[in-house]
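Counting starts at 1 for both ligands and their atoms, in listed order.
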Amino acid sequence: MQILVTGGAGFLGSHLCEALLAKGHSVLCVDNFYTGSLENISHLRENPNFELLRHDVTFPLYVEVDGIFNLACPASPIHYQKNPVQTFKTSVHGAINLLGLAKRTGARFLQASTSEVYGDPIMSPQTESYWGNVNPIGIRSCYDEGKRAAETLAFDYHRQFQTDIRIARIFNTYGPRMAIDDGRVVSNFIVQALRNEPITIYGDGSQTRSFCYYTDLIDGLIKLFFNEEIQGPVNLGNPKPIPMNSLAKEIIEITGSSSDLVFLPLPGDDPKQRDPDITLARERLGWEPLVDRADGLVKTIEYFKTKI
Ligand code: NAD
Ligand code: UDP
């Protein structure tokens, strides 16, 4: 298949391009390099089945493709909050443009949605049937509401035009190719630990997240995309929540760092808990994460050692 991957030069997008090429597909990688990098995809550029297009998905795109993975959107809070209007446009105008492309070409469209659609969840673990607890006017809303609107658009295109859609709700995922200045917790803590600098814990560190290694996540995205029976939304994540305090201690231990912990103010609307219920993915996709957090962290730390 000829597959379009938007956000293909980002952390997950570059791994997805690589996995699709390895399966024999042709890949058109589209990115505006807001948070992605040429370095993430430099090893793919010699491949005759790989093509790169610098393009911003908030503008229409006219190409011929059989499938679309829509990953374009900054994912780290510091980056998506830097230009919130552009973040919202990327999710909403981007989805309209790419769903329009899917409608015209008949391509299957997969939306990289997020656990953020559950906001600061009152229910835990979060099942796909939970509608969430989202502040529509807070500093995270440009991302949360943008992603919710993209889900809405995908389902409306499906109901109105029979567009073939898949929705993956991705929970926190980490691994090699996260940028050093990404700002998300795993890369921050690892970089700080390797530099023996203070580990910055926001709030009291009791808030939880569940961390999925990228290989598992990419496997889940591909299983969902090629599944003929389920549109989703489907949660993809590792259902083993951990408080940020404990994550910091794990990373200090694995790196043998002399870093201290410093406690900084908790950013607005930072969710207190996040834990995916992955029953649907297990039963319908035969998917579950295989990489333990300790193993994934060791591999990610090895990667960051080469970058520092
Ligand atoms: P990332 O920031 O590394 O990748 C996002 C990519 O999109 C970058 O290459 C960026 O340059 C590109 N991009 C941003 N705006 C664009 C635009 N207007 N036009 C074209 N390209 C644009 O983040 P990631 O972790 O690889 O996330 C990829 C996708 O997965 C995002 O949509 C994100 O919301 C979703 N997601 C990721 C996680 C996670 O934990 N990694 C969790 C939930 C959802
Ligand atoms: N966090 C932290 N220190 C950091 C970066 C993040 O304590 O240096 C916290 C953040 O407040 C949140 C959690 O780690 O509670 C996960 O943050 P991240 O930005 O990785 O993703 P989120 O799940 O919040 O989108």
Do [X] and [Y] get their side chains close enough for a donor-acceptor pair, meaning under 3.5 Å?
| X | Y | answer |
| --- | --- | --- |
| Q273 | D120 | no |
| S257 | S259 | yes |
| T6 | N70 | yes |
| R169 | S113 | no |
| Q192 | T200 | yes |

Do ligand 1 and [X] have nitrogen or oxygen atoms that lie under 3.5 Å from each other?
| X | answer |
| --- | --- |
| T90 | yes |
| T114 | no |
| Y34 | yes |
| D56 | yes |
| S113 | no |
| G36 | yes |
| R184 | yes |

Heavy-atom contact check, 4.0 Å cutoff: does [X] meet ligand 1?
| X | answer |
| --- | --- |
| G94 | no |
| N172 | yes |
| Y143 | yes |
| K89 | no |
| H79 | no |

Assess whether a salt bridge exists between [X] and [Y], defined as any Lys/Arg side-chain N lying under 4.0 Å from an Asp/Glu carboxylate O.
| X | Y | result |
| --- | --- | --- |
| K299 | D295 | no |
| E116 | R140 | yes |
| K307 | E302 | no |
| K23 | E18 | no |
| R108 | E228 | yes |

So if I count the atoms of ligand 1 from 1 in the order they appear, which ones are less than 4.0 Å from some heavy atom of [X]?
| X | value |
| --- | --- |
| G10 | 3 (O), 4 (O), 8 (C), 9 (O) |
| G7 | 6 (C), 7 (O), 9 (O), 12 (C) |
| Q86 | 18 (N) |
| F33 | 11 (O) |
| A72 | 7 (O), 20 (C), 21 (N), 22 (C) |
| H55 | 19 (N), 20 (C) |

Nearest neighbour in protein (non-hydrogen) for [atom]:
| atom | answer |
| --- | --- |
| atom 1 (P) of ligand 1 | T35 OG1, 3.7 Å |
| atom 37 (C) of ligand 1 | L12 CD1, 3.8 Å |
| atom 5 (C) of ligand 1 | C73 O, 3.2 Å |
| atom 38 (C) of ligand 1 | I170 CG2, 3.8 Å |
| atom 19 (N) of ligand 1 | V57 N, 3.0 Å |
| atom 3 (O) of ligand 1 | F11 N, 2.9 Å |
| atom 28 (C) of ligand 1 | L71 O, 3.6 Å |
| atom 22 (C) of ligand 1 | N32 OD1, 3.0 Å |

Quiz prompt | Non-neighbouring partners of K103 that pass side-chain hydrogen bond (donor to acceptor under 3.5 Å, both in side chains), sequence neighbours left out | solution =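 For K103 there are no side-chain hydrogen bond (donor to acceptor under 3.5 Å, both in side chains) partners, ignoring immediate neighbours.
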Self-check item: Mode of K147 contact toward ligand 1 - side chain, backbone, both, neither (heavy atoms, under 4.0 Å)
Solution: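 Side chain only.
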Quiz item: Under 4.0 Å from ligand 1, counting heavy atoms only, is it the side chain of M178, its backbone, both or neither?
Solution: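 The answer is neither; M178 stays 4.0 Å or more away.
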Quiz item: Testing D219, T215, L221 for side chain to side chain contact (heavy atoms under 4.5 Å, CB included) with L217, which one passes?
Solution: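 The passing option is L221.
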Exercise. Decide if the gap between the ring center of Y174 and the ring center of Y213 is smaller than 6.0 angstrom.
Key: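 Yes; Y213 has its ring centre under 6.0 Å from that of Y174.
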Whether the side chain of [X] engages the backbone of [Y] through a donor-acceptor N/O pair (distance < 3.5 Å, no angle test) should be reported.
| X | Y | value |
| --- | --- | --- |
| R148 | V117 | yes |
| H158 | I165 | no |
| R166 | L224 | yes |
| N238 | S210 | no |

Self-check item: Heavy atoms of other groups near E197 CD, more than 12 under 6.0 Å
Solution: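 Atom CD in E197 is crowded, with more than 12 foreign heavy atoms closer than 6.0 Å.
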Practice problem: Over 60° means perpendicular and under 30° means parallel, so classify the ring planes of Y34 and H79, tilted if in between. | Solution: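 Aromatic pair H79/Y34 classed perpendicular.
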For ligand 2, which of its N or O atoms have a protein N or O partner closer than 3.5 Å, and how long is each gap?
from     : atom 1 : to   : atom 2 : distance (Å)
ligand 2 : 3 (N)  : T200 : O      : 2.6
ligand 2 : 7 (O)  : Y202 : N      : 2.9
ligand 2 : 8 (O)  : N188 : ND2    : 2.8
ligand 2 : 8 (O)  : T200 : O      : 3.2
ligand 2 : 8 (O)  : T200 : OG1    : 2.9
ligand 2 : 8 (O)  : Y202 : OH     : 3.4
ligand 2 : 11 (O) : D270 : OD2    : 2.6
ligand 2 : 15 (O) : Q207 : NE2    : 3.0
ligand 2 : 15 (O) : R209 : NH2    : 3.3
ligand 2 : 15 (O) : D270 : OD1    : 2.6
ligand 2 : 15 (O) : D270 : OD2    : 3.3
ligand 2 : 20 (O) : V185 : N      : 2.8
ligand 2 : 23 (O) : N172 : ND2    : 2.9
ligand 2 : 23 (O) : R209 : NE     : 2.7
ligand 2 : 23 (O) : R274 : NH1    : 2.6
ligand 2 : 24 (O) : R140 : NH2    : 2.9
ligand 2 : 24 (O) : R209 : NH2    : 3.1
ligand 2 : 25 (O) : R140 : NH2    : 2.9

Quiz item: If you round to the nearest 0.5 Å, how far is CD of Q160 from CG of L153?
Solution: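 Taking CG in L153 and CD in Q160, the distance rounds to 10.5 Å.
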